[in-house]
Amino acid sequence: MKEIFNRRSIRKYQDRPVEKEKVEKLLRAAMQAPSAANQQPWEFIVVENKETLNKLSLMTPYSKPVAGSAVTIVLLANTDNFRVETSWQQDMGAAAENILLEATYLGLGAVWLGVATADSAIDFIKKSFDLPKNIKPFALVSIGYPEEQQNVTSNRFDAKKVHYEEFK
Ligand SMILES: Cc1cc2nc3c(=O)[nH]c(=O)nc-3n(C[C@H](O)[C@H](O)[C@H](O)COP(=O)(O)O)c2cc1C
């Protein structure tokens with residue numbers, strides 16, 4: 001699938017909105033992801049408000065792309081839906097990757113911004129949205145029409161990382 005190989009993190013966007021239909025396609029792609037015991041732990045906040053985007057961009061030193069995005073999706077997990085508690089981050093990762101691949105397919109640019117990777121970022125998102133205790137922040141995905149950098153092929157295949165039958 002060419003989108004897997006072309007996808008890159010796109011951090012600069014045109015000042016142009018993303019169509020509602022495309023945002024819905026991104027969310028449909030996210031919710032189509034596999035999850036442990038089909039627990040589908042995800043919840044999403046779709047943010048297009050410029051003031052909120054500017055505020056969210058201050059989450060970490062690495063979350064500046066949010067400010068210029070047309071839309072940023074906040075990926076959250078709802079602990080009420082957990083059946084296999086230990087796998088929620090893997091489930092959410094699959095949903096995040098689906099968004100990135102669908103964005104590439106739709107001619108959009110996107111970047112995954114880690115939240116669950118740092119306690120300070122988790123607290124920032126909890127406070128920003130006044131989240132209840134059962135809702136765990138996972139990541140942001142910022143999206144827009146790409147400026148300059150496009151999704152381009154980068155070959156990362158490394159035969160040395162593949163082991164057959166045993167590890168050596
Ligand atoms: C868990 C995770 C957290 C990430 N956090 C950030 C981030 O905070 N800021 C950012 O600009 N990119 C972030 N990225 C994107 C990576 O930097 C990027 O995927 C990596 O450099 C490879 O580049 P590519 O996506 O263009 O292939 C994150 C990616 C993952 C999977």
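Computation of the quantities below employed the complete heavy-atom set of this structure, encompassing side-chain atoms and omitting hydrogens, waters and symmetry-equivalent molecules. Indexing begins at 1, ligand by ligand and atom by atom, following the structure's order.
Between Ala70 and Pro17, the shortest heavy-atom distance links the atoms CB-CA, 4.1 Å.
The shortest N or O to N or O distance between Ser9 and ligand 1 is below 3.5 Å. Checked by distance only, ligand 1 and Gly114 come closer than 3.5 Å through their nitrogen or oxygen atoms. Taking any N or O of Ser63, backbone or side chain, none lies under 3.5 Å from an N or O belonging to ligand 1.
Counting non-hydrogen atoms of neighbouring residues, nucleotides and ligands closer than 6.0 angstrom, the CD atom of Glu19 exceeds 12 such neighbours.
Atoms of ligand 1 found under 4.0 Å from any heavy atom of Arg156 (numbered from 1 in listed order, with element): 22 (C), 23 (O), 24 (P), 27 (O). Listed by number with element, the atoms of ligand 1 under 4.0 Å from a non-hydrogen atom of Tyr62 are 7 (C), 8 (O), 9 (N), 10 (C), 11 (O).
Taking 4.0 Å as the cut-off, Leu113 counts as a neighbour of ligand 1 on heavy-atom distance. In this structure, Lys64 does not count as a contact residue of ligand 1, since none of its heavy atoms falls inside 4.0 Å of the ligand.
Between Thr79 and Lys136 there is a side-chain heavy-atom pair separated by less than 4.5 Å. Looking at heavy atoms from C-beta onward, Glu48 lies in side-chain contact with Lys20 at the 4.5 angstrom threshold.
Note: Ser87 OG to Gln39 CD = 4.0 Å, rounded to the nearest 0.5 Å.
Residue-level proximity to ligand 1 for Gln89 is absent, since no heavy atom of it falls below 4.0 angstrom. Only the side chain of Val111 comes within 4.0 Å of ligand 1, counting heavy atoms alone; its backbone N, CA, C and O stay farther away.
Salt-bridge check for Arg28 with Glu24: passed, with a basic side-chain N closer than 4.0 Å to an acidic carboxylate O.
Side-chain contact, Gln40 with Asn38: a donor N or O sits under 3.5 Å from an acceptor N or O.
Here atom 21 (O) of ligand 1 lies nearest to Arg11 when heavy atoms of Arg8, Arg7, Arg11 are compared.
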